[in-house]
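Following: one structure in C-alpha cells, then a few remarks.
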Amino acid sequence: MMASRKVASLRLPPLPTVGELIKLYRLRAEKQLSQNFLLDLNLTDKLVRSAGNLNGAHVCEVGPGPGGLTRSILNAGVADLLVVEKDSRFLPGLKLLSEAAPDRMRIAHADILTYKLERRFPAELSKPWEDEPPNLHIIGNLPFNVSTPLIIRWLENIANRTGPFTYGRTQLTLTFQKEVVERLTASTGSKQRSRLSIMAQYLCTVHKCFLIPGQAFVPKPKVDVGVVHFTPLPQAQIQQSFKLVEKLVRNVFQFRRKHCHKGIAMLFPEAHRPEMTQEMMQRADVDPVLLPTHLTIPHIRALADAYAGLCAEEPGLLSYEFREELRLKHARKKKHSDSS
Ligand code: SAM
C-alpha cells in the first residue's frame with residue numbers, strides 16, 4: 001500500500017500532451033535525421049515495461065526528443081533520469097518535463113556517440129560483474145543510423161567492462177528497425193544469422209520484446225520497428241578479446257553462402273593460407289564445410305581459441321588484413337606495368 005502510494009506520488013502532474021508540445025515549440029521532425037516520434041503513451045508505457053521494474057531505478061534515456069517515452073519512464077517511478085539529447089530544439093520541452101518531476105530529471109545536451117556515461121551516476125550503484133545487474137538502465141528510441149553503431153560500441157564496452165558497464169551489467173532496452181532486430185536475435189541456422197547475432201549473443205542475453213508498427217510513429221518510417229532488451233552475461237561465452245572475435249566473425253561472414261573455411265582462410269597471408277586454414281580448423285575441431293549461418297557460439301569460441309593460439313605463435317598475424325595485402329599487390333602490379 002505504502003509503495004503504491006509512493007509510485008502514485010511520483011506520477012507526473014497534468015501537462016500539455018506531447019502533441020501539443022510539438023505544436024507549441026514547432027518541433028517539426030527532421031526527416032533527414034530520421035526523427036520519428038512515438039506519441040502513443042500505451043506503446044511508450046509498454047516499451048518501458050520491457051525494461052523491467054523501474055521503481056526507484058536510475059535511468060539514462062538516449063534521444064528523448066519531444067519526451068513521450070520520457071514521460072512513461074518518469075511515470076514508472078524512477079528515482080533519477082538522465083536524458084541525453086543532441087538537438088537543441090527539444091531542450092525547452094524537456095525542461096518543462098524536468099520541472100514537473102522535481103529532482104528526478106537531468107538534461108544533457110550532448111551527442112550520445114561521444115558523451116561519457118561513466119561517472120554520471122552515483123558510484124554506490126556499482127555491482128560486481130557476476131552479481132545481479134545494477135539498478136541502472138539505458139532506454140532509447142534512437143534514429144537507426146545511430147542505434148546500430150551505438151550497440152556495436154556498447155557491446156565492445158560490455159566485453160571490456162567500460163563506459164556504462166563500469167557500473168556492472170547495465171541493462172539496455174532499445175529500438176531498432178525490424179531487420180536489425182531479426183539479426184540481433186537470430187538463432188543458429190536461421191536466414192538472418194549474421195555477424196551482429198554472434199557479437200550480441202556471445203556477450204548478452206538478447207530478448208526481442210515486441211514489434212511496433214510503422215504507423216505508430218510520426219512521421220511514419222519506411223520500416224517497422226522492434227524493441228530489444230539486452231542483459232550482459234555474467235560470463236561472456238567467448239573469452240578472447242572483442243577485437244579478435246570481431247575480426248574472426250567479420251571474416252567468417254564475408255562469404256555467408258560459402259563453406260566457413262573460405263572466410264576463415266582470409267585470416268591468413270596468401271603464401272600460407274591453405275596449411276594455416278587447415279591447422280586452425282583442426283585445432284578448433286570445426287567442420288570446414290559448415291555454412292557461417294550454421295556455426296553455433298561454441299563453434300565460434302573454438303575457432304577464436306584456435307586463432308588466438310596461432311596469433312600467439314605468429315607475431316603480426318592478428319594485425320594481418322587480407323584487403324591490405326591485396327591493395328599492396330595491386331599497387332605493385334600497377335607500378336610494374338607503368339614502368340614497363
Ligand atoms: N525518443 C523520442 C520518441 O520516441 O519520440 C524521439 C525519437 S527520434 C527517432 C530520435 C531522437 O534522438 C531525436 O530526438 C534526435 O534528436 C535524437 N538523437 C539523434 N542522434 C542523437 C545522438 N547522437 N545523441 C543524442 N540524441 C540523438
Side-chain angles (χ1 to χ4, degrees), residues 12 15-51 54 59-76 78 81-98 105-117 120 137-154 157 163-164 172-178 180-181 209-228:
L12 292 168
L15 283 166
T17 64
V18 183
E20 285 164 350
L21 274 189
I22 289 176
K23 278 202 198 113
L24 182 66
Y25 294 113
R26 300 208 174 99
L27 302 176
R28 201 168 36 84
E30 296 290 347
K31 259 199 164 166
Q32 71 275 28
L33 297 179
S34 307
Q35 288 182 337
N36 308 102
F37 305 144
L38 198 47
L39 305 184
D40 178 337
L41 288 183
N42 289 323
L43 282 170
T44 52
D45 282 352
K46 187 171 176 186
L47 196 156
V48 168
R49 282 197 300 276
S50 304
L54 296 187
V59 175
C60 171
E61 187 197 354
V62 286
L69 187 53
T70 319
R71 291 175 186 222
S72 292
I73 297 171
L74 288 167
N75 278 332
V78 301
L81 169 62
L82 169 67
V83 298
V84 182
E85 174 56 61
K86 186 177 167 185
D87 185 339
S88 60
R89 294 177 309 138
F90 296 113
L91 300 178
L94 292 169
K95 195 153 173 283
L96 196 81
L97 262 185
S98 78
M105 180 173 158
R106 297 176 281 149
I107 304 168
H109 178 207
D111 182 338
I112 192 61
L113 292 170
T114 48
Y115 189 70
K116 298 229 177 308
L117 274 180
R120 303 289 162 178
H137 299 255
I138 296 177
I139 300 179
N141 170 33
L142 277 170
F144 306 129
N145 61 340
V146 179
S147 55
T148 307
L150 194 58
I151 191 61
I152 292 168
R153 176 170 313 176
W154 278 340
N157 284 159
L172 311 165
T173 310
L174 304 168
T175 57
F176 297 91
Q177 64 193 90
K178 190 175 162 209
V180 177
V181 173
C209 304
F210 65 100
L211 290 178
I212 309 177
Q215 59 265 29
F217 293 88
V218 181
K220 179 179 179 296
K222 288 198 186 80
V223 290
D224 283 343
V225 175
V227 179
V228 182

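We count residues from 1, following the sequence as given. Order of listing sets the numbers, starting from 1, for every ligand and every atom in it. Computed from a predicted structure; not experimentally measured.
- Asp111 meets the side chain to side chain donor-acceptor pair (under 3.5 Å) test with no other residue; sequence neighbours excluded.
- Remark: among candidates Lys86, Glu85, Arg89, the nearest residue to atom 17 (C) of ligand 1 is Glu85, based on non-hydrogen atoms.
- At under 3.5 Å, not a single nitrogen or oxygen of Pro143, backbone or side chain, sits near a nitrogen or oxygen of ligand 1.
- Listed by number with element, the atoms of ligand 1 under 4.0 angstrom from any heavy atom of Asp111 are 22 (C), 23 (N), 24 (N).
- Across all their heavy atoms, Ala110 and Val84 have their closest contact at O-CG1, 3.6 Å.
- A pairwise comparison of heavy atoms in Pro164 and Asn157 identifies CD-OD1, 3.8 Å as the closest pair.
- Of all atoms in ligand 1, listed by their number and element, those nearer than 4.0 Å to a heavy atom of Glu61 are 1 (N).
- Val225 places none of its side-chain heavy atoms less than 4.5 Å from the side chain of Val181.
- For atom 11 (C) of ligand 1, the choice among Gly63, Ser88, Pro149, Gly67 with the nearest heavy atom turns out to be Gly63.
- Between atom 20 (N) of ligand 1 and the options Val83, Thr114, Val146, the minimum heavy-atom separation is to Val146.
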Practice problem: Given side chain to side chain donor-acceptor pair (under 3.5 Å), test Glu61 with Asn141 step by step and report yes or no. | Solution: CA-CA 8 Å; Glu61 187 197 354; Asn141 170 33; over 6 Å; no
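- Within the listing of ligand 1, atoms 22 (C), 23 (N), 24 (N), 25 (C) sit less than 4.0 angstrom from a heavy atom of Ile112.
- The side chain to side chain donor-acceptor pair (under 3.5 Å) check on Lys95 picks up Glu99, with sequence neighbours excluded.
- Under 4.0 angstrom from ligand 1, the non-hydrogen atoms of Phe90 all belong to its side chain.
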